Amino acid sequence: MGNTFYFGFEEALMRWLQSVMGSAAVTVASVLTMLGEEMLLIAIMGFLYWCWNKELGKFVGTNIVFAMTLNPMIKNVVLRRRPYFDLDGVECLKPVDADADVYDIAAQGWSFPSGHSMNSACVYGSIAAYERRSMILWIIAIAAPFLVGVSRVLLGVHYPTDVLAGWICGAIVVFALSKLQCGVKDQWKLRLALFLIALTGVIWCRTDDYFTSLGTMAGFFLGSQFEEKFVNFKGTRNVLKIILRMLGGLLLYFGLNYVLKMPFDAAFLASSTLPAFLVRSARYTVILFVVVGVYPLIFDRVNRKKSVK
């Protein structure tokens, strides 16, 4: 199932890299790859949006939810198998889904382009693009995706061309959407257009990552509209408030994810059927709408109580 294609240098390079890697190098690569993983990106987005600068959070969030959805849309067209499926001497040192068989394509996903590389380029690049003049942020925007991409090759889960394509796609999203966000007056129109573009993937995408990302995009956009109309909370630089907002938001995110799974059978949720995919999208739509739009109502009420006292 899927397509196998690669350049000769990719096969030789990956075999050589893994042949000279020791356990320490594997550990370092496993740590570096976390710079592009979901947990860290969620934490970064939460910090930017809930605490540091709400507008920066929306700016970066718009770019990343589109990139996250575009990535599986491309993957489900190319259908490239991961390198360790077909290259002797190349091992999977850190599977996408540690609980599943490494050769289960439905669980481990397709290879091209690299999601970690694309998402990291988009998040760190968007932050730098928003701030513009910060040289430190531009250095991070280049270094972090580079390290993530290299780690994906070292760990055997992506070809070098997967990583290169991920960087390029991430950079294109940052450049194009940053321009559009600055140029479009009515942001809801841009959000609607992006969602409709992403929605076309329902026609050909049959993987969890697409439907997760589609629901994330829908919830983020709806939550942003709700916040702008009914909440309009303010950020904070107070360390204690930052910690409390982050802890509350992350607990709410993962708690809702757990609770919303409860009405459904585990076998159904794990099935690769359209109803299961639609439930997944609906779940993430609710979660993101709550954490982006509804959760900040608490900030506003706490500030009002303090001002009354």
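Note that these values count all heavy atoms, side chains included, but never hydrogens, waters or copies made by symmetry. Counting begins at 1 with the first residue of the sequence. The model shown is predicted, which means the values in this text are computed figures rather than measured ones.
Hydrophobic cluster of Val174: no remaining members, since no ILVMFWY side chain lies below 4.5 Å from it. Residues near Ile142 contribute nothing to a hydrophobic cluster around it, because no ILVMFWY side-chain heavy atom sits closer than 4.5 Å to its side chain.
Side-chain contact between Val153 and Val150: absent, with no pair of heavy atoms (C-beta onward) separated by less than 4.5 Å. Within the 4.5 Å cutoff, no side-chain heavy atoms of Met118 are placed close to those of Met68. Counting only heavy atoms from C-beta outward, the side chains of Lys58 and Gln181 never approach each other to under 4.5 Å. Side-chain contact between Thr33 and His116: present, with at least one pair of heavy atoms (C-beta onward) separated by less than 4.5 Å. Counting heavy atoms from C-beta outward, Leu214 and Tyr284 have side chains that stay 4.5 Å or more apart. Between Ser213 and Tyr210 the shortest side-chain heavy-atom distance does not fall below 4.5 Å. Using a 4.5 Å heavy-atom threshold, the side chains of Phe277 and Arg206 count as touching. Between Val292 and Ser224, some side-chain heavy-atom pair lies under the 4.5 Å cut-off.
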Step-by-step ring pair (Phe, Tyr, Trp, His ring centres under 6.0 Å) determination, Phe289 to Phe226: CA-CA 8 Å; Phe289 175 76; Phe226 181 87; 5.3 Å; yes
- prompt: Do Thr236 and Asn238 pass the side-chain hydrogen bond (donor to acceptor under 3.5 Å, both in side chains) test, and can you show the C-alpha distance, the side-chain angles, and the key distance before you say yes or no?
  reply: CA-CA 5 Å; Thr236 181; Asn238 181 283; 5.2 Å; no
field: CA sep, side-chain torsions, deciding dist, call: Arg283, Asn257, side-chain hydrogen bond (donor to acceptor under 3.5 Å, both in side chains)
entry: CA-CA 7 Å; Arg283 189 171 84 240; Asn257 201 0; 2.8 Å; yes
message: The test is salt bridge (charged side-chain N to carboxylate O under 4.0 Å, His left out); show your working for Lys234 and Glu55 and say whether it passes.
response: CA-CA 10 Å; Lys234 297 184 182 301; Glu55 296 309 315; over 6 Å; no
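Counting only residues at least two apart or in different chains, salt bridge (charged side-chain N to carboxylate O under 4.0 Å, His left out) contacts with residues 173-188 comprise Asp186-Lys189.
Legend: residues meeting side-chain contact (heavy atoms from CB on, under 4.5 Å) with Asp88, ordered by chain and number and at least two apart, are Arg15. A search for ring pair (Phe, Tyr, Trp, His ring centres under 6.0 Å) contacts involving Tyr84 returns Tyr103, not counting sequence neighbours. Remark: Glu91 engages Gln18, Leu93 in a side-chain contact (heavy atoms from CB on, under 4.5 Å) (not counting sequence neighbours). Tyr295 pairs by the ring pair (Phe, Tyr, Trp, His ring centres under 6.0 Å) definition with Trp50, Phe299, not counting sequence neighbours.
Distance check, rounded to the nearest 0.5 Å: CG of Leu154 to NZ of Lys94 gives 13.5 Å. Thr207 OG1 to Arg280 CZ: the interatomic distance, rounded to the nearest 0.5 Å, is 10.0 Å.
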Show me the donor-acceptor pairs, under 3.5 Å and distance only, between side chains in residues 258-266 and residues at least two apart or in other chains.
unit_1: Asp265; atom_1: OD2; unit_2: Ala267; atom_2: N; d: 3.0
unit_1: Asp265; atom_1: OD2; unit_2: Phe268; atom_2: N; d: 3.4

Would you give me the side-chain donor-acceptor pairs under 3.5 Å for residues 156-165, sequence neighbours excluded?
unit_1: His158; atom_1: ND1; unit_2: Ser111; atom_2: O; d: 2.8
unit_1: His158; atom_1: ND1; unit_2: Ser111; atom_2: OG; d: 3.4
unit_1: His158; atom_1: ND1; unit_2: Asp162; atom_2: OD2; d: 3.4
unit_1: His158; atom_1: NE2; unit_2: Arg82; atom_2: NH1; d: 3.3
unit_1: Thr161; atom_1: OG1; unit_2: Glu10; atom_2: OE1; d: 3.4
unit_1: Thr161; atom_1: OG1; unit_2: Glu10; atom_2: OE2; d: 2.5
unit_1: Thr161; atom_1: OG1; unit_2: Arg80; atom_2: NH1; d: 2.9
unit_1: Thr161; atom_1: OG1; unit_2: Arg80; atom_2: NH2; d: 3.3
unit_1: Asp162; atom_1: OD1; unit_2: Arg80; atom_2: NH1; d: 2.6
unit_1: Asp162; atom_1: OD2; unit_2: Ser111; atom_2: OG; d: 2.4
unit_1: Asp162; atom_1: OD2; unit_2: Tyr159; atom_2: N; d: 2.8

Residues 22-32 side chain polar contacts: donor-acceptor under 3.5 Å, at least two apart:
unit_1: Thr27; atom_1: OG1; unit_2: Ser23; atom_2: O; d: 3.0
unit_1: Ser30; atom_1: OG; unit_2: Val26; atom_2: O; d: 2.8

Tabulate below the donor-acceptor pairs under 3.5 Å that side-chain atoms of residues 121-130 make, not counting sequence neighbours, or state none.
unit_1: Tyr124; atom_1: OH; unit_2: Leu35; atom_2: O; d: 2.8
unit_1: Ser126; atom_1: OG; unit_2: Asn63; atom_2: ND2; d: 2.9
unit_1: Ser126; atom_1: OG; unit_2: Cys122; atom_2: O; d: 2.5

Pair up each side-chain donor or acceptor in residues 131-140 with any protein partner under 3.5 Å, not counting sequence neighbours, and list the distances.
unit_1: Ser134; atom_1: OG; unit_2: Leu137; atom_2: N; d: 3.3
unit_1: Trp138; atom_1: NE1; unit_2: Arg132; atom_2: O; d: 2.7

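Few gaps surround CZ on Phe85; more than 12 heavy atoms of other groups in view lie less than 6.0 Å from it. Taking a 6.0 Å sphere around CZ of Phe5, one finds it holds more than 12 heavy atoms contributed by other residues, nucleotides or ligands. For Glu38, the CD atom counts as loosely surrounded, since its 6.0 Å shell holds 12 or fewer non-hydrogen atoms of other residues, nucleotides or ligands. Within a 6.0 Å radius of CE in Met21, more than 12 heavy atoms belonging to other residues, nucleotides or ligands are found. Within 6.0 Å of atom CZ in Phe254, more than 12 heavy atoms from other residues, nucleotides or ligands are found, so the atom counts as buried in its surroundings.
Side-chain polar atoms of Arg152 and Ser117 form no donor-acceptor pair below 3.5 angstrom.
Here the shortest heavy-atom pairing between Pro95 and Ala98 reads CG-CA, 3.9 Å. The two residues Leu288 and Phe220 have their closest heavy-atom pair at CB-N, 3.6 Å. Nearest heavy atom pair, residue Leu56 against residue Leu48, reads CD2-CD2, 3.7 Å. The minimum heavy-atom distance between Gln225 and Trp188, with the atom names listed, is OE1-CB, 3.3 Å.
Tyr49 and Phe233 have perpendicular rings, their planes meeting at more than 60° on a 0 to 90° scale where under 30° would count as parallel.
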